[in-house]
Number of protein chains: 2
Amino acid sequence: MNPYTYIKQAILHGEFPPKMRLTEEFLANQLHISRTPIREALKQLESEGLIVPLKRGVRVRHFTKKDIQQIYDLRTLLEGYAAAQASLHRKNKDIQDMEEANEKYKKAIDRYFQTGKTRIEDILHLNHQFHDCVIKASQNQHIYSHISKVVVLPLIFRSFYWFNEDQMRNSLDVHKIILKAIKEQDMERARVAMHEHIYHGRDQVLPHIDSIEKEYKAGKKN
Amino acid sequence: MNPYTYIKQAILHGEFPPKMRLTEEFLANQLHISRTPIREALKQLESEGLIVPLKRGVRVRHFTKKDIQQIYDLRTLLEGYAAAQASLHRKNKDIQDMEEANEKYKKAIDRYFQTGKTRIEDILHLNHQFHDCVIKASQNQHIYSHISKVVVLPLIFRSFYWFNEDQMRNSLDVHKIILKAIKEQDMERARVAMHEHIYHGRDQVLPHIDSIEKEYKAGKKN
DNA sequence: AATTGTATTTTTGTATACAAACTGATACTA
DNA sequence: TAGTATCAGTTTGTATACAAAAATACAATT
């Protein structure tokens, strides 16, 4: 695995938690390679906002509640727009892809709560897959790269672990509403539905952030 | 000057024009440094979308007319939102900064057309300064980094060189309208005014892109 | 003339070495 | 006691070397 992907995964999987300090040498040892390729990966991660440069080394980014709110505001705006544009430009293939993504999403949720044999990460991935289809259907290549950079940031907190069955099934239902609006080319309805969907996701994440902030304050300062 | 800034400037100043191929060694020689720091700068520029990786080396990004339209759509969305949020959150200091930026902008335009002793880059910079004030007043730190990455992309074409006096003075007038809306905390009016302002800018840039595309087609293919 | 093979050149990917910058602890001074 | 000077230990910044990959040129073959 290349260093960029390795470090990003490690952050998103909680192996390198927020505020953890990382040095080039440490990472080089972990990956059994020299510092040169590590530095390039770090430059990229820095420009994506996942790590913050220190005088010596870097640290995994930590977001305040306010940060998370603002990031979700941004995502709401961008994905709402993408949904509206998708209504305008969607091809039959796009609708098919969205239906398929939702179908897989439903099956994964069923399996998770019936047999427990699905990893929660897989469910998250299938959720994202639907969103990806919508963004791609918007036919604006540039919006895609911006949204994907916004979307990963809150994942640092791994709050999706706290979602329950109702929340997941509800999210699937809303996907269907969004899909219907896009299919019927109702731009405004698609935009609003996506907007609400993401804000709803935000409200599920924020309490988790709250408890993390309290934890930090209770423990060592800063 | 650090390699990142140097290369970025060279691209934005037209020294390294769109589609130009750059190798690490060439850049290292230009800057009289080794390849190591060059590589880091290139990784960063790549993640910002200013260059595209090739099998060997990179090339300065070239945008089609469609790209530019989509980039402006994005910028319109983001800055429109920023203007609305600025109306909500603006402090007195923000209003002051905007007024100051516009004042300087006006003076620079006057000087440019009366004495010709101002560089067009300086005018562009003062125009951006007003926009910066608006975005900062929106109090959303995350939107700032996204907008600034979107804004630079069309500058690759240096089409602002083609602006005439009417266009510049008109742009100043619109700034005043936006400022008034933000001052009076009229979110929707601020959003729409900013929206129109940027779309207007797009319409001034697109004909220039058109002529460049024809040039490319007439000359060598691809 | 088109195609394949091979040698040569160009260019990147990575490791390593060493100097420079920064940190933290300890001892020294007012 | 507070401040600061200094020294050792980390860690980064940069240059350099060499192997690996890709492009190019050119000859040989069909």
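Letters go in sequence order (proteins before strands), and every chain restarts at 1. All figures in this text were calculated on a predicted structure; none of them were measured in a lab.
Nucleic acid contact for Thr23(B): sugar-phosphate only, since backbone atoms but no base atoms lie under 4.0 Å from a heavy atom of the residue.
Using modelled atom types, one side-chain atom of Thr76(B) and one backbone atom of Tyr72(B) make a donor-acceptor pair closer than 3.5 Å.
Summarising the geometry, the separation between CD on Glu25(A) and P on dT16(C) is reported as 12 Å, rounded to the nearest angstrom. In this entry the distance linking CG of Asn2(B) with P of dT12(D) reads 19 Å, nearest Å. Distance CD (Glu24(A)) to C1' (dA15(C)): 14 Å, rounded to an integer number of Å. Between the NZ atom of Lys43(A) and the C1' atom of dG13(D) there is a distance of 10 Å, rounded to whole Å. Rounding to whole angstrom units, CZ of residue Arg39(B) and P of dT12(D) are separated by 18 Å. One atom, CG of Leu31(B), and another, P of dT14(D), lie 11 Å apart when rounded to the nearest Å. Across the protein-nucleic acid pair, Leu27(A) atom CG and dA15(C) atom P stand 14 Å apart, rounded to whole Å. Separating the OH atom of Tyr4(A) from the P atom of dG13(C) is a distance of 17 Å, rounded to the nearest angstrom.
Along DNA chain D, the nucleotide nearest to Thr36(A) and the one nearest to Lys55(A) differ in position, and the one closer to the 5' end is contacted by Lys55(A).
Between the base of dT23(C) and the side chain of Arg56(A) there is no donor-acceptor pair shorter than 3.5 Å.
Phosphate contact (OP1/OP2 of dA17(D), side-chain N/O of Arg35(B), threshold under 4.0 Å): absent. Phosphate proximity of dA15(C) to Ser34(A): present, with a side-chain N or O under 4.0 Å from OP1 or OP2.
You'll find the ring centres of Tyr105(B) and His175(B) inside the 6.0 Å limit. For His131(B) and His197(B), the distance between ring centers is under 6.0 angstrom.
Using a 30° and 60° split on the angle between ring planes, Phe157(B) and His62(B) fall in the perpendicular class, above 60°.
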